[in-house]
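Just so you know, these numbers come straight off a predicted model, no measurement behind them.
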Amino acid sequence: MALRLYNTLTRSVEPFVPRDSGKATMYTCGPTVYARAHIGNFRTFLVSDLLRRYLAYAGYDVKWVMNLTDIDDTTIKGANAEGVSLRDYTDRYIASFHEDRRTLGITDADLYPRATDHIPEMVKMVEDLITAKHAYVVDGSAYFKIESFPNYGKLARLNMEELRVGERVASDEYEKEDVRDFALWKAWDAVDGPVAWDTGLGKGRPGWHLECSAMSLKYLGKGFDIHLGGVDLIFPHHQNEIAQTEGVTHEPLARYWVHSEHLLVDGQKMSKSLGNFYTVSDMVNMGWKAREIRYGLLAGHYRQRTNFQASGLESIRQALARFEACSVNLEHAEGQGGRAELQDRIAQREQEFRDGFDDDLNYPEALAAVFNFVRDANTLCQERKIGGSERDLAMEAMKRFDSVLGFLDLSGEAVDPEAAEIEALIEARNAARKAKDWTEADRARDALTERGIVIEDRAGKTVWRRK
RNA sequence: GGCGCCGUAGCCAAGUGGUAAGGCGGAGGUCUGCAAAACCUCUAUGCAGCGGUUCGAAUCCGCUCGGCGCCUCCA
């Protein structure tokens, strides 16, 4: 089976056929950098990361672009409130975004284009849309005329004739020909303060949707492969991107539209008033390790709402400890003769792993395959069938799994600053054990426990790790 | 009003027509000076409820109950 993805455009799971054979192009709607991104935002970015990693694992040459929205109402408001430049203001949150992103092990995208670095491209696109009669200008602002785009509403399956016109239509946009039209370019307003660009369209700033159209077209070209984002972006953001881009190119913007469901926290939508609003650094301060956060946020299928529970940490820790224990077991295995059996297990579990991801990125199924492999490997270790060459085969398989999962932590033994003292205590304990002086042996164990060291006696040697 | 999603064991979570993956937790066992880890066995005759279609349904259809999303700038 090869990769199949659910395409929001057709509401069905389709075989993934890239535009260019062997290559995969992805565009993810990144954060609006007006505040530190929360874990719900990162859940969406993690889904993109998982797809990127799996495509690479499957042999595709991947190009991944994630934009940074550094101009919109909230960023302007924030910068002006503090009296700093928009650039300085957004730089700060771009830095924290990358910091959190790295903490979670989200691989580097090939490009992180910023909206404000692409004003000319956006202006050009608006001018082309005006020429093509898809857009018009009123009082220095440009609007997309949705009536000119027959498929408008298709992505979200919305019937534009029946759309309710609600109070959410901003009062300053009364001059639009049709309330359903959306802004491409906004004429400068006093509240924008110093934030403005003098362009062929006049003094003003771009509308929100425009950057993604301009930048995805610039960096990935026409009809690239996969456009990702959270479900809330289906309408209006992605629908508007489609209208803008296709109004100029007359070709589908992207081949596949992949949307990840929202993250719930403790069963509810995250919100500051409920006190369940967390950033990655909040989680770290609450004692979560990076890989524990990654594991927790990745839980569940991407098209299913996932409930992230702060109380679930212990369960996550125990699950991750199984991977560590397995790699320690392999590391210290001194058996032999299980090569053929091990190869069978690897082939089987890796096939299940691939089948899972191939089926619309069914991560839970793929993860189950890895847990089953862990049990297979542990059993073979226990049966003393694993030795040097088998160990390498098994570890290589684990590394392949981890190239997609990113939380197995197979780094092996980092040099511990207290290693010498710890090993001295272990020596002392083993000497006492040899002399059957259990009191003294337990004293040494207690000393180690106090230092947060857990020891395990195995055949011939004692293994230790930090709790 | 329109479009759409979800309800699976104590908890988390796959499966969407062929007889319930996986993780945590719990019970028992093997191993061990003690312990830890590991391994083995058990832990949903049933998938919100009620009908229907079918040889067969958690999976399809209808209704009911209970959560929830989107409908112009929230991932």
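Using modelled atom types and a 3.5 Å distance limit, the side chains of A:Thr32 and A:Asp72 yield no donor-acceptor pair. Using modelled atom types and a 3.5 Å distance limit, the side chains of A:Ser12 and A:Asn7 yield no donor-acceptor pair. Checking A:Glu211 against A:Asn67 by side-chain atom types alone, a donor-acceptor pair falls below 3.5 Å. Side-chain atoms of A:His259 and A:His238 form a donor-acceptor pair, as typed in the model, at a separation below 3.5 Å.
The interatomic distance linking A:Asn240 (CG) with B:C74 (P) rounds to 12 Å, in whole Å. Distance OH (A:Tyr363) to P (B:G23): 13 Å, rounded to an integer number of Å. The distance between atom CG of A:Leu263 and atom C1' of B:C68, rounded to the nearest whole Å, is 15 Å. When rounded to the nearest whole Å, the span between CZ of A:Arg157 and C1' of B:G4 equals 11 Å. Summarising the geometry, the separation between NZ on A:Lys154 and P on B:C70 is reported as 24 Å, rounded to the nearest angstrom. When rounded to the nearest whole Å, the span between CZ of A:Phe235 and C1' of B:A75 equals 18 Å. Computed from coordinates, the A:Asp178 CG to B:U72 C1' distance equals 12 Å when rounded to whole Å. Spacing between atom CH2 of A:Trp208 and atom C1' of B:C74 amounts to 8 Å, rounded to whole angstrom units.
B:G22 is paired with B:C12 under the criterion used here, namely a Watson-Crick or G-U wobble arrangement in which both key atom distances are under 3.5 Å. Using Watson-Crick or G-U wobble geometry with both donor-acceptor distances under 3.5 Å, B:C39 finds its partner in B:G29. With a 3.5 Å ceiling on both atom-pair distances, B:C34 lacks any Watson-Crick or G-U wobble partner. Across all strands shown, B:G56 forms no Watson-Crick or G-U wobble pair with both key distances under 3.5 Å. Judged by Watson-Crick or G-U wobble contacts below 3.5 Å, the nucleotide B:G66 has B:C6 as its partner. Across all strands shown, nothing is found opposite B:C47 as a Watson-Crick or G-U wobble partner with both distances under 3.5 Å.
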Nucleotides 31-38 of chain B: which of its N/O atoms have a protein N/O under 3.5 Å away?
{"residue": "B:G33", "atom": "O6", "partner": "A:Arg429", "partner atom": "NH2", "Å": "3.1"}
{"residue": "B:G33", "atom": "N1", "partner": "A:Asp442", "partner atom": "OD1", "Å": "3.0"}
{"residue": "B:G33", "atom": "N2", "partner": "A:Asp442", "partner atom": "OD1", "Å": "3.1"}
{"residue": "B:G33", "atom": "N2", "partner": "A:Asp442", "partner atom": "OD2", "Å": "2.8"}
{"residue": "B:C34", "atom": "N3", "partner": "A:Arg445", "partner atom": "NH2", "Å": "3.0"}
{"residue": "B:C34", "atom": "N4", "partner": "A:Asp457", "partner atom": "OD2", "Å": "2.7"}
{"residue": "B:A35", "atom": "N1", "partner": "A:Asp457", "partner atom": "N", "Å": "3.0"}
{"residue": "B:A35", "atom": "N3", "partner": "A:Arg445", "partner atom": "NH2", "Å": "2.9"}
{"residue": "B:A38", "atom": "O3'", "partner": "A:Asn378", "partner atom": "ND2", "Å": "3.1"}
{"residue": "B:A38", "atom": "O2'", "partner": "A:Gln382", "partner atom": "OE1", "Å": "3.3"}
{"residue": "B:A38", "atom": "N3", "partner": "A:Gln382", "partner atom": "OE1", "Å": "3.4"}

Can you give me the N/O atom pairs linking the protein to nucleotides 9-16 of chain B at distances under 3.5 Å, or say none if there are none?
{"residue": "B:A14", "atom": "OP1", "partner": "A:His301", "partner atom": "N", "Å": "2.6"}
{"residue": "B:A14", "atom": "O3'", "partner": "A:Asn362", "partner atom": "ND2", "Å": "3.1"}
{"residue": "B:A14", "atom": "O2'", "partner": "A:Glu365", "partner atom": "OE2", "Å": "3.2"}
{"residue": "B:G15", "atom": "OP1", "partner": "A:Asn362", "partner atom": "ND2", "Å": "2.9"}

Discussion item. If you apply the rule salt bridge (charged side-chain N to carboxylate O under 4.0 Å, His left out), what do you find for A:Glu334 with A:Arg458, and how did you get there?
Written reply: CA-CA 11 Å; A:Glu334 286 174 352; A:Arg458 287 162 187 269; over 6 Å; no
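Going from the P atom of B:G49 to that of B:C3 covers 28 Å, rounded to whole Å. Taking atom P in both B:A21 and B:C55, one finds a spacing of 27 Å when rounded to whole Å. Straight-line distance between the C1' atoms of B:G22 and B:G28: roughly 22 Å, to the nearest whole Å. Comparing the C1' positions of B:G7 and B:U16 gives a spacing of 15 Å, expressed to the nearest Å. Taking atom P in both B:G17 and B:C61, one finds a spacing of 11 Å when rounded to whole Å. Only the P atoms considered, B:C63 is 44 Å distant from B:G26, to the nearest whole Å. Comparing the same atom, P, in B:C60 and in B:G4 gives a spacing of 15 Å after rounding to whole Å. Comparing the same atom, C1', in B:C34 and in B:G25 gives a spacing of 25 Å after rounding to whole Å.
Within the nucleic acid shown, A:His262 comes within 4.0 Å of at least one base atom, counting heavy atoms only. Within 4.0 Å of A:Asn372, counting heavy atoms only, lie sugar-phosphate atoms of the nucleic acid but no base atom. Counting any heavy atom pair closer than 4.0 Å across all strands shown, A:Ile234 reaches no nucleic acid atom. Base engagement by A:Lys269 is indicated by at least one non-hydrogen atom pair under 4.0 Å involving a base atom. Counting any heavy atom pair closer than 4.0 Å across all strands shown, A:Leu233 reaches sugar-phosphate atoms only and no base atom.
Between A:Asp73 and A:Arg205, at least one side-chain N (NZ, or NE/NH1/NH2) sits under 4.0 Å from a carboxylate O, which counts as a salt bridge. In summary, A:Lys385 and A:Glu390 do not engage in a salt bridge, as defined by a charged side-chain N under 4.0 Å from a carboxylate O. Between A:Arg53 and A:Asp49, at least one side-chain N (NZ, or NE/NH1/NH2) sits under 4.0 Å from a carboxylate O, which counts as a salt bridge.
Between A:Phe371 and A:Phe182, the residue anchored closer to the 5' end of RNA chain B is A:Phe371, taking for each the nucleotide with the nearest heavy atom.
Judged by distance alone, with hydrogens and angles left aside, the side-chain atoms of A:Arg114 form no donor-acceptor pair with the main-chain N or O of A:Leu68 at under 3.5 Å. Proximity of a side-chain donor or acceptor of A:Asp181 to a complementary backbone N or O of A:Ile146 within less than 3.5 Å is detected.
In this structure, A:His301 has no ring pair (Phe, Tyr, Trp, His ring centres under 6.0 Å) partners at least two apart in sequence or on a different chain.
Cation-pi geometry between A:Arg303 and A:Tyr6 is satisfied (NZ or CZ under 6.0 Å from the ring centre, within 45° of the ring normal).
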